[in-house]
4 protein chains.
Amino acid sequence: MDADEEAQTPARPGRPRSTVAHQAIVDATVDLLTTDGYQALSFEAVAARAGVGKRTIYRRWKSKGALVGAAYTEMVQRRHPDPDTGDAVKDLRLLLRRLFTSVQAPGVTAALRSMVAEAQLDPDFATELRRFVESRREVVRTILRRGIERGQLRADLDPDTAIDLVFGPYWYRLLIAHAPLDSRFAATLVDHMLRGIGQ
Amino acid sequence: MDADEEAQTPARPGRPRSTVAHQAIVDATVDLLTTDGYQALSFEAVAARAGVGKRTIYRRWKSKGALVGAAYTEMVQRRHPDPDTGDAVKDLRLLLRRLFTSVQAPGVTAALRSMVAEAQLDPDFATELRRFVESRREVVRTILRRGIERGQLRADLDPDTAIDLVFGPYWYRLLIAHAPLDSRFAATLVDHMLRGIGQ
Amino acid sequence: MDADEEAQTPARPGRPRSTVAHQAIVDATVDLLTTDGYQALSFEAVAARAGVGKRTIYRRWKSKGALVGAAYTEMVQRRHPDPDTGDAVKDLRLLLRRLFTSVQAPGVTAALRSMVAEAQLDPDFATELRRFVESRREVVRTILRRGIERGQLRADLDPDTAIDLVFGPYWYRLLIAHAPLDSRFAATLVDHMLRGIGQ
Amino acid sequence: MDADEEAQTPARPGRPRSTVAHQAIVDATVDLLTTDGYQALSFEAVAARAGVGKRTIYRRWKSKGALVGAAYTEMVQRRHPDPDTGDAVKDLRLLLRRLFTSVQAPGVTAALRSMVAEAQLDPDFATELRRFVESRREVVRTILRRGIERGQLRADLDPDTAIDLVFGPYWYRLLIAHAPLDSRFAATLVDHMLRGIGQ
DNA sequence: TCGTAAGCGAGACGGTACGTCGCGTCTTGTG
DNA sequence: CACAAGACGCGACGTACCGTCTCGCTTACGA
């Protein structure tokens with residue numbers, strides 16, 4: 001999702017990559033993404049706005065989607081960490097509410113959509129996206145495991161299926177947009193998951 | 001999703017549209033889609049392979065996604081009609097099983113994905129896709145309504161939420177591909193929906 | 001030196017090439033050539049100034065030099081035809097005087113130079129240039145032949161060598177620019193050629 | 001034509017320039033020039049093949065043509081010195097024969113052509129080339145002057161015009177390549193020059 | 001039966017963006 | 001300080017498709 005060799009060989013020969021250029025590119029991408037949308041976004045335009053050679057961008061990201069991925073990560077700095085209130089049900093409700101709120105911010109929906117779109121077209125980026133998705137699943141998985149250990153959730157539930165039941169409808173509405181992603185829907189999702197899997 | 005004025009003015013002036021050209025275009029699209037993937041698909045390439053002028057394609061479909069939509073329809077002839085066995089639960093299980101089976105056919109997944117991708121980029125096509133999605137939802141809605149009337153399902157369920165719980169995870173796995181769309185998952189989905197909403 | 005298939009199949013399939021675009025390209029080339037010089041001339045710049053797609057230029061000329069060739073031909077409309085005054089010596093003097101005068105016009109020297117430069121780098125264009133050069137030699141060859149027939153020049157001269165003795169120093173001074181191409185030099189060249197080959 | 005400050009301050013501060021690098025650059029240039037031609041020659045390519053930083057080349061030569069000039073000098077070690085046999089006519093014949101022979105060596109023609117091409121595009125290099133050309137003219141000028149003093153050539157000839165009559169056709173055939181640069185042509189050139197200017 | 005209106009293939013058109021190359025300059029660490 | 005390595009801003013390259021626009025030619029209806 002990010003520049004390709006983040007923390008590799010600490011010193012390789014030649015001039016090191018400019019962090020200034022790096023930041024300028026990411027900023028320009030966010031700008032264009034939220035202003036004109038994914039369509040208007042091109043390596044050409046990003047280079048122009050960032051005051052950077054196209055090569056400098058290609059050196060770091062190999063596709064538009066990968067670039068947008070970095071910009072998205074930049075946009076959603078707050079990472080919705082595991083709340084861990086001690087109550088698994090409360091944790092789930094909190095996490096979902098935050099997720100559904102963050103998605104209201106302008107540009108976030110567009111970014112997520114463009115990433116899914118890119119993933120359908122570029123298998124390499126699909127892998128990267130899967131990695132990102134998995135990291136989000138892991139947070140919920142942790143909450144569920146904790147809930148089971150604490151006896152707050154029944155022991156025989158299948159976490160992965162449960163997670164699909166939460167994130168599935170979330171992405172579904174996000175992508176198809178046949179219905180809003182509001183806090184009521186967030187609550188409903190948790191309710192149904194708990195009724196299905198909880199004690 | 002299809003050629004844009006299917007059953008319009010039954011007879012309009014001038015030379016009628018060539019069904020030969022029409023078929024050649026769809027065939028070429030399916031060919032390219034399953035052979036080289038969505039990436040290699042372009043109006044230019046389709047026209048070349050079909051031996052057809054670009055204009056002739058533009059006259060019928062206004063976007064790549066719309067064109068792929070036609071190809072998809074071509075591929076999935078069977079349209080998963082409402083089973084109506086008399087038992088709502090049996091109907092649901094049957095429908096889901098068919099849905100999950102159809103998606104195994106080569107090219108179908110690719111077509112669905114490309115359509116979702118296109119929808120993220122082209123609002124007009126998003127509307128078309130939403131129409132298609134809605135038609136699929138309507139089938140389930142009918143089953144659910146029938147189940148309630150017959151007393152097979154409890155009366156206070158919200159059909160649309162229930163549908164989200166089924167189709168959500170379906171699309172989620174289809175698009176993210178983090179887990180397979182097998183018949184076991186189909187069964188699990190119906191189980192959870194029923195446990196959540198059924199009596 | 002010109003667009004590649006001048007008077008071929010009078011009607012080939014598809015939209016015919018636009019003469020408007022053609023002229024716009026040539027004009028833009030002449031403009032840029034005489035204004036900013038050969039260096040500043042690029043397909044990119046010509047396309048921009050002519051309001052034309054780059055492809056449209058590439059379709060007609062395959063290299064910068066070939067393009068400049070067309071522009072040059074456009075610039076030197078007057079083609080220094082065979083004078084044929086009845087007197088071979090007079091003809092030669094007249095032709096040379098005209099040649100040396102035409103080369104004074106701004107841009108002509110630059111165009112000729114750039115063509116020679118391109119010919120050194122691109123064998124294909126070298127062939128084209130050779131064709132142009134040969135056409136100029138033919139004019140002189142005709143004059144000489146006529147002079148021999150009329151008994152104005154002695155019979156045993158070798159026309160091609162004689163022509164080398166005239167055009168050789170001409171191009172030499174044109175390219176190296178170590179001395180001016182003035183009318184005195186023109187006269188001297190004819191004098192020496194005649195002293196060397198005449199009766 | 002050569003490295004720009006050959007015999008400058010014999011000892012200047014800092015690390016002295018590596019003669020190893022210098023030679024590697026020239027060798028790589030000759031290699032590329034004779035192998036892939038002038039087109040494939042670029043500072044970038046030379047640096048890569050020589051295993052040298054681009055800067056190191058720029059430090060020594062300021063243009064592609066200047067660099068090729070050095071390579072040319074490397075290729076043509078023998079410099080065709082003034083023969084001075086005592087007989088001006090014999091001297092001229094000898095010099096021309098040598099000149100026409102040297103040009104047969106592979107790569108020499110290409111180098112000369114590329115230098116002329118570069119001179120048409122880069123005024124600075126044109127000056128350098130003019131300097132080189134003048135040095136070659138000076139040799140002939142000396143022979144002619146000596147011939148006049150010795151009474152072997154008539155006193156009223158204009159040396160510079162005479163030289164144009166020899167070198168002009170030489171370069172003409174070299175650059176346009178409409179006819180070969182063989183020894184017969186060498187002889188013919190001297191013959192005609194003498195008939196034109198000699199007693 | 002014949003005009004006329006649209007469809008047809010081909011392919012050129014003005015564009016935008018692509019991904020690459022080379023330029024000449026700059027910044028690293030190493031000698 | 002020179003050197004190799006290589007990143008940098010830049011500008012041009014030649015190509016791919018876009019969606020539109022002629023061409024000359026069917027095709028088929030309705031006047």
Side-chain angles (χ1 to χ4, degrees), chain A residues 11-22 24 40-48 50-60 62-64, chain B residues 11-22 24 40-48 50-60 62-64, chain C residues 11-22 24 40-48 50-60 62-64, chain D residues 12-18 20-21 24 40-48 50-59 62-64:
Chain A
R12 42 175 180 169
R15 177 176 177 175
R17 297 203 175 154
S18 162
T19 55
V20 175
H22 189 104
L41 197 95
S42 67
F43 276 34
E44 201 97 27
V46 171
V52 139
K54 282 194 286 179
R55 256 280 160 110
T56 302
I57 307 181
Y58 280 111
R59 222 172 265 130
R60 291 170 161 77
K62 60 172 249 188
S63 82
K64 190 166 147 177
Chain B
R12 47 175 175 172
R15 176 179 178 176
R17 294 196 178 161
S18 162
T19 55
V20 175
H22 190 103
L41 198 93
S42 66
F43 276 34
E44 205 97 25
V46 171
V52 140
K54 283 195 288 178
R55 255 269 155 115
T56 304
I57 307 181
Y58 278 109
R59 219 172 268 129
R60 291 171 161 77
K62 58 173 249 185
S63 83
K64 190 166 148 177
Chain C
R12 43 175 181 170
R15 177 176 178 177
R17 298 208 176 148
S18 162
T19 55
V20 175
H22 190 104
L41 197 95
S42 68
F43 275 35
E44 202 98 26
V46 171
V52 139
K54 282 194 285 179
R55 254 284 161 104
T56 303
I57 308 182
Y58 280 110
R59 222 172 265 130
R60 291 170 161 76
K62 59 171 251 187
S63 81
K64 192 168 146 177
Chain D
R12 46 178 177 171
R15 176 176 176 178
R17 291 195 179 164
S18 162
V20 176
L41 199 91
S42 66
F43 276 34
E44 205 97 24
V46 171
V52 140
K54 283 195 287 178
R55 253 276 155 109
T56 304
I57 308 182
Y58 278 110
R59 222 172 265 128
K62 60 172 248 187
S63 83
K64 190 166 149 178

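So you know, we letter chains A, B, ... as the sequences are listed, proteins then strands, and number each from 1. In this text, all values refer to a predicted model and were calculated from it rather than measured experimentally.
Taking for each of B/Ala45 and A/Ala47 the nucleotide of DNA chain F with the nearest heavy atom, the 5'-most of the two is the partner of A/Ala47. Take the nearest nucleotide of DNA chain E for A/Ser42 and for C/Gly53: the residue whose nucleotide is more 5' is C/Gly53.
Listed by chain and number, the residues in a salt bridge (Lys or Arg N to Asp or Glu O under 4.0 Å) with D/Lys54 are D/Glu44 (sequence neighbours excluded). In this structure A/Lys64 satisfies the side-chain contact (heavy atoms from CB on, under 4.5 Å) test together with A/Tyr38, A/Leu41, A/Phe43, sequence neighbours excluded. Residues satisfying the side-chain contact (heavy atoms from CB on, under 4.5 Å) criterion with D/Ala21, sequence neighbours excluded, are D/Ser18, D/Val52, D/Thr56. Among residues two or more places apart in sequence or in another chain, the side-chain contact (heavy atoms from CB on, under 4.5 Å) test is passed with A/Ala48 by none.
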Counting primed atoms plus P, OP1 and OP2 as sugar-phosphate and everything else as base, spell out the protein contacts along nucleotides 19-26 of chain F at 4.0 Å heavy-atom distance: B, S or - for each nucleotide, 5' to 3'.
BBBBS--B
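Between the NE2 atom of A/His22 and the P atom of F/dC8 there is a distance of 11 Å, given to the nearest Å. Per the geometry, CZ belonging to C/Arg17 stands 12 Å off P belonging to E/dG14, to the nearest Å. Rounded to whole Å, atom C1' of F/dC10 lies 13 Å from atom CD1 of A/Ile57.
Residue D/Thr56 has no polar side-chain atom (N or O) positioned under 4.0 Å from OP1 or OP2 of F/dA2. One finds no side-chain N or O of C/Arg59 lying less than 4.0 angstrom from the OP1 or OP2 phosphate oxygen of F/dT15. Regarding contacts with the backbone of E/dC8, a side-chain N or O of B/Arg60 is found under 4.0 angstrom from either OP1 or OP2.
Across every non-hydrogen atom of D/Ala47 and D/Gly53, the tightest pair is CB-C, 4.3 Å.
Taking the side chain as every heavy atom from C-beta outward, B/Arg17 and B/His22 never approach each other to under 4.5 Å.
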